[in-house]
Amino acid sequence: MPETIKDLLYASEPRSSILARGWVRTKRDSKACSFLEITDGSCFKGLQVVVDATLPTADLLPRILTGASVEITGELIASPAAGQKWEVQAKEVKLLGEADASYPLQKKGHTPEFLRTIAHLRPRTNLFGSVFRVRSKMAFAVHRFFQERGFFYVHTPIITSSDCEGAGEMFQVTTLKPNTPTKPEQDFFGRPTYLTVSGQLQGEAFACALGNIYTFGPTFRAENSNTTRHAAEFWMIEPEMAFYDLFDDMTLAEEQVRYLVQAMFDECPDELEFFNKFIDKELVARLQQTLAKPFERISYTDAVEILLKSGRSFENPVVWGEGLQTEHERFLAEEHVKGPVTIFNYPKGIKPFYMRQNDDGKTAAAMDLLVPGIGEIVGGSQREERLDILEALMAAQGLEPENYSWYADLRRYGSVPHAGYGLGFERLLMFVTGVPNIRDVIPFARTPGHAAY
RNA sequence: UCCUGAGUAGCUCAGCGGUAGAGCGGGUGGCUGUUAACCACUAGGUCGUAGGUUCGAACCCUACCUCAGGAGCCA
């Protein structure tokens with residue numbers, strides 16, 4: 001298999017003959033020689049290649065501009081200059097693919113807005129190369145976290161006929177031709193179907209069989225949301241655990257966030273350093289703080305008290321029974337706690353039917369984990385395991401019982417207490433990279449009006 | 001969807017009523033073991049689109065389009 005630039009940069013000794021392939025990041029010419037910096041995406045750093053002007057293949061140099069792909073045969077030597085440990089003294093240069101002057105990536109900083117317009121080329125930049133290496137490492141760490149704890153990975157359906165009530169608007173999936181009179185029964189599945197907004201309900205079925213399970217896959221929301229934290233297609237991590245109560249649930253969510261932050265330090269140090277320098281100067285300090293002490297937990301009722309006593313004037317009034325607004329959440333995480341905080345036991349009136357009703361008759365066993373800079377990163381609850389109460393809640397929220405009969409069966413036959421949560425993978429990536437826009441942590445982001453590529 | 005702001009060269013921006021500018025990127029030449037190198041010269045733009053005001057509009061007004069930020073919805 002071909003060697004990568006990462007292999008070469010981590011060499012322990014000089015080598016008399018190597019082959020390096022990659023894309024030219026910069027070229028610096030002098031009379032006697034040219035310096036190429038080439039990258040292949042295998043790691044953050046690039047490899048410096050020195051091409052002597054007397055080399056027979058040096059006449060290719062005028063055609064080797066930023067973005068060109070090259071193959072270099074040469075010698076790996078200790079670099080005589082500062083800036084890099086190793087460099088390649090080229091013996092032969094091959095131009096694999098030219099990139100002419102219209103190549104849009106220059107040797108200078110570009111705005112993320114511009115780079116979004118060239119989503120197919122942006123992974124070649126320092127920033128996006130780093131983001132997507134981190135995305136891969138974090139995805140694997142998510143699996144590792146659960147697998148180390150004996151959780152089973154369940155593939156819940158992408159196409160579904162059940163709407164996870166309260167999760168948002170759905171994209172319809174149909175093979176019926178538009179503008180022709182048709183009935184739902186004539187459709188492919190014999191009923192209306194949608195792209196899933198959550199695998200939770202199916203996840204509960206498997207938790208009530210395999211014990212501890214998780215899903216990790218794409219979910220879809222047809223909301224017309226235009227913010228830095230929302231996308232129409234995003235990846236969600238949804239564990240569901242039999243015999244867990246709300247506090248077990250919170251503990252697992254907190255552990256997972258800390259685990260993934262630790263993985264960032266352990267597995268992506270070069271990228272972390274880059275993000276801290278160019279994206280968010282507080283990033284490393286904030287992540288260290290995340291690991292330093294256990295996350296705080298505040299009940300919704302106490303949180304309302306804290307907000308009311310804060311002496312702060314908020315745009316939106318703080319009222320028990322209403323949802324916490326973004327400004328309230330930010331105050332709690334960024335100013336009151338100055339770190340991640342879990343808010344739990346929300347008023348039952350603002351939560352969906354499947355959340356377990358608390359004995360106080362006023363609240364539901366729900367929790368949100370808020371982090372500084374992002375806000376809500378996890379939303380979860382203990383699920384209502386009592387059939388009569390579940391049915392009453394469904395009726396109160398106007399749901400058709402027949403659509404949820406399979407879900408009610410989980411309570412009808414061997415019901416157990418259980419709990420779960422959803423962790424937004426992209427929001428987690430924003431948290432560990434400091435990248436402020438969700439569109440920049442998704443390879444090809446889907447947001448309202450945007451589905452190019 | 002609502003509110004706010006912005007659209008000027010390939011990119012980042014300045015110009016804010018009187019003949020379109022800079023830096024970077026490209027080209028040419030020079031120089032140097034260079035690090036987003038440096039120096040000189042050079043090419044490159046119907047100033048988002050359509051109307052309007054004015055002797056005169058990149059600049060003022062209106063509408064639309066696009067992008068961004070904030071809010072709501074949530075992960």
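Numbers restart at 1 for each chain; the letters A, B, ... are given by sequence-line order, proteins then strands. Worth saying up front: this structure is predicted, and the values here are computed from it rather than measured.
Nucleotides G7(B) and U46(B) place their C1' atoms 16 Å apart, quoted to the nearest Å. The separation of G25(B) from C41(B), taken at their P atoms, amounts to 16 Å, rounded to a whole angstrom.
Between the CD atom of Glu169(A) and the C1' atom of U1(B) there is a distance of 12 Å, given to the nearest Å. Distance CG (Leu428(A)) to P (C74(B)): 21 Å, rounded to an integer number of Å.
Below the 3.5 angstrom threshold, one finds no donor paired with an acceptor across the side chain of Arg439(A) and the base of C67(B). Put simply, the side chain of Gln84(A) and the base of U34(B) share a donor and an acceptor less than 3.5 Å apart. Remark: the His110(A) side chain and the C11(B) base include no donor-acceptor N/O pair separated by less than 3.5 Å.
Here the NE2-CZ distance, from His230(A) to Arg439(A), works out to 11.5 Å after rounding to the nearest 0.5 Å.
Between Phe146(A) and Tyr153(A), the distance separating the two ring centers is not shorter than 6.0 angstrom. For Phe344(A) and Phe247(A), the distance between ring centers is under 6.0 angstrom.
The partner of A40(B), taking Watson-Crick or G-U wobble pairs whose two distances both stay under 3.5 Å, is U28(B).
Within 4.0 Å (heavy atoms only), Ile377(A) reaches sugar-phosphate atoms of the nucleic acid but no base atom.
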